[in-house]
There are 2 protein chains.
Amino acid sequence: MRLFNKVAIVGTGLIGGSIALAIKKKGLAGEVIGVSRHKKSLALAKKKKAIDRGSQDFAIVKDADLLIFATPVDAILKAAPKIRRIISKGCIVSDVGSTKREIASRLEKLFPNYIGSHPLAGSEKRGIVNAQPHLFEDSLCILTTTNKTKGASLRKIKLLWRRLGARTLILTPSLHDKILSFTSHLPHILAFSLIGVIPRKFLRFASGGLRDTTRIAASSSELWPDILLSNRKNILKDIELFEAQLSRLKAAVRRKDKETLKIILEKAKRNRDYLDGL
Amino acid sequence: MRLFNKVAIVGTGLIGGSIALAIKKKGLAGEVIGVSRHKKSLALAKKKKAIDRGSQDFAIVKDADLLIFATPVDAILKAAPKIRRIISKGCIVSDVGSTKREIASRLEKLFPNYIGSHPLAGSEKRGIVNAQPHLFEDSLCILTTTNKTKGASLRKIKLLWRRLGARTLILTPSLHDKILSFTSHLPHILAFSLIGVIPRKFLRFASGGLRDTTRIAASSSELWPDILLSNRKNILKDIELFEAQLSRLKAAVRRKDKETLKIILEKAKRNRDYLDGL
């Protein structure tokens, strides 16, 4: 069933491309158009039937009734004022950025029908080449709203994500960033740091544990500096919480305190088992 | 093809049970017997056809020509002198402990045909209930030797692991412990610490990254305190290396230094991609 007439995807990478593919496949829009700085990405998006038309020029988004920003944070912030001059006031606007406080406060000033989206369905892989229409099935998509949010726009975006197979959950932008600092940004920081200290010659002794623990360290070094800087305060606080916990464990190892180690490890196991049961 | 007449497995849990199952399935021994403190584990091992006979009494290991310790480190150290009085001098003895320096130095004094084994094929799961004969296929098994090691015993143990499907690699016990501190113990410590600081109410927002990063935090809180304490010096050193790396990343976030973040993240990605290509 058609939800929109013309959907514009700004940034036809892994996430933007997968949204486009899913919308096309499910027939949720009359037309899907793509904008990208990269000609190759547009050509491949068209070849994969993710988009009907593509352009490097923002003018193509005119008359869209849904526009989704799916580029890195700094590119969204640069493109937004230009896009504003082209689209109609009624167009629903969303983004798929990994942090929300900074983006939401900027975009909701520019677009009266803005809703933040964060589909928790990424991957350490990138690009339209890895896009696939099932990416969001059985995943969670966090939507962010503020007291300026219009109910009708929210209902439409919620419906879109559900049609793409995702459950939706609504948070404020600042609670979103607080939570994601713990559940995504801190794990990435630890993975980046861990793989950085292991001598390369020892990597051939890696077992499944190290591989799993560091998988996300292969995430894009283009995207992640901006993600970390756009959630700086939460991240600094959570790194310090982590450092204190690691210190406790280190001190227990240092003084050969088996009982304390057991208590820390039992609590860790309980929490991880709880996560597994969710 | 039969490699041994009577194989004794001391500790019929995940690893011991899987070795027993594989030896039985491939017909590598005339008889496989199991020793465990737990009657239930022995009964299930027999039911799964991992062992021909089982007992809580060490006396059953008499006349074995291969004996493998597959209990936690402290249980091995306690059982070893008792086992020594029962088995013949010609019996090949090995263990599957996660650290090797302490164990190898004790066991090679007691058993003239001792070789250390460390199959890198564990799991956060435990017990004979999870044992399976294919556990070691396409895995790496590190063997440890010293200048006391007999060539004939080493060849026989090497052949055993290859028949179980593992590649083998020989290290000294102390190099083994140095490497595993980086590739296994440090990742476990970070996973234990990470899952310990995330508020439980935020866990439902976990995506694949957090799940993977903390999977090994569900490892046994019975086994791991001993593993950490038996490799204490390496672990303390490596935690400090990690803390220094995390500090560098934290400082770059604090001073909004995007260039340094990019350099750290690019190096992390290169190392992780290298690991993926191994």
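Basis for what follows: all heavy atoms, side chains included, without hydrogens, waters or symmetry-related copies. Just so we're on the same page: letters track the sequence lines, and every chain starts at 1. No experiment lies behind these values; they were computed from the predicted model shown.
Residues D212(A) and T213(B) form no side-chain contact, since every pair of their non-hydrogen atoms from C-beta on lies 4.5 Å or further apart. In this structure, the side chains of R211(A) and R272(B) come closer than 4.5 Å at one or more pairs of heavy atoms. A 4.5 Å side-chain heavy-atom check between E243(B) and E243(A) finds every atom pair outside the cut-off. Counting heavy atoms from C-beta on, the side chains of L169(A) and R204(B) come closer than 4.5 Å. In this structure, the side chains of L261(A) and D226(B) stay at 4.5 Å or more apart for every pair of heavy atoms.
By the 4.0 Å N-to-carboxylate-O rule, E222(B) lies too far from K258(A) to be salt-bridged with it.
Of the atoms belonging to R270(B), heavy atoms from both backbone and side chain fall under 4.5 Å from chain A. In this structure, chain B has a heavy atom under 4.5 Å from the side chain of Y274(A), while its backbone stays farther away. Of the two parts of S184(B), neither the backbone nor the side chain holds a non-hydrogen atom closer than 4.5 Å to a non-hydrogen atom of chain A. The contact between F242(B) and chain A is made by backbone and side chain atoms together, counting heavy-atom distances below 4.5 Å. Of the atoms belonging to L140(B), it is side-chain heavy atoms, and not backbone ones, that fall under 4.5 Å from chain A. When heavy atoms are compared at a cutoff of 4.5 Å, L203(A) approaches chain B by way of both its backbone and its side chain. With a threshold of 4.5 angstrom between heavy atoms, N231(B) does not approach chain A through any atom at all.
Per-residue counts of heavy-atom pairs under 4.5 Å with chain A were compared for S207(B), P225(B), S139(B); the largest is that of P225(B). Between chain B and the residues L241(A), L120(A), L190(A), the largest count of heavy-atom pairs under 4.5 Å involves L190(A). Among L278(A), I263(A), D257(A), the residue making the largest number of heavy-atom pairs under 4.5 Å with chain B is L278(A). Of the listed residues (T214(B), I189(B), L186(B)), the greatest number of heavy-atom pairs within a distance under 4.5 Å of chain A belongs to T214(B). Residue with the most contacts toward chain B among I239(A), D273(A), T260(A): I239(A) (heavy-atom pairs, distance under 4.5 Å). Put simply, of I264(B), D238(B), L249(B), L246(B), the one with the most heavy-atom pairs under 4.5 Å next to chain A is L246(B). Contact count against chain A (heavy-atom pairs under 4.5 Å) is highest for P199(B) among A206(B), A191(B), P199(B), A121(B). Interface summary for chain A: among A244(B), G208(B), P187(B), the most heavy-atom pairs under 4.5 angstrom belong to P187(B). Per-residue heavy-atom pair counts under 4.5 Å with chain A were compared for E240(B), R232(B), K201(B), K256(B), and the maximum is reached by R232(B). Chain B forms the most heavy-atom pairs under 4.5 Å with one residue out of I198(A), V253(A), L171(A), and that residue is V253(A).
Within the model, atoms CH2 of W224(A) and CG of L265(B) stand 9.0 Å from one another, a figure rounded to the nearest 0.5 Å. From K250(B), atom NZ reaches atom CD1 of I235(A) across 13.0 Å, with rounding to the nearest 0.5 Å. Distance CZ/F192(B) to NZ/K267(A): 14.0 Å, rounded to 0.5 Å. Rounding to the nearest 0.5 angstrom, the gap separating the OG1 atom in T183(B) from the CZ atom in F202(A) is 9.0 Å. The line from CG of L229(A) to CZ of R255(B) is 11.0 Å long, rounded to the nearest 0.5 Å. Note that CD of Q245(A) and OG of S193(B) are 5.5 Å apart. Values are rounded to the nearest 0.5 Å.
The minimum heavy-atom distance linking K262(A) with S221(B) is given by the pair CG-O, 3.5 Å.
Counting non-hydrogen atoms of neighbouring residues, nucleotides and ligands closer than 6.0 angstrom, the CZ atom of R37(A) reaches no more than 12 such neighbours. Within 6.0 Å of CZ in R163(B) there are more than 12 heavy atoms belonging to other residues, nucleotides or ligands. Taking a 6.0 Å sphere around NZ of K237(B), one finds it holds more than 12 heavy atoms contributed by other residues, nucleotides or ligands.
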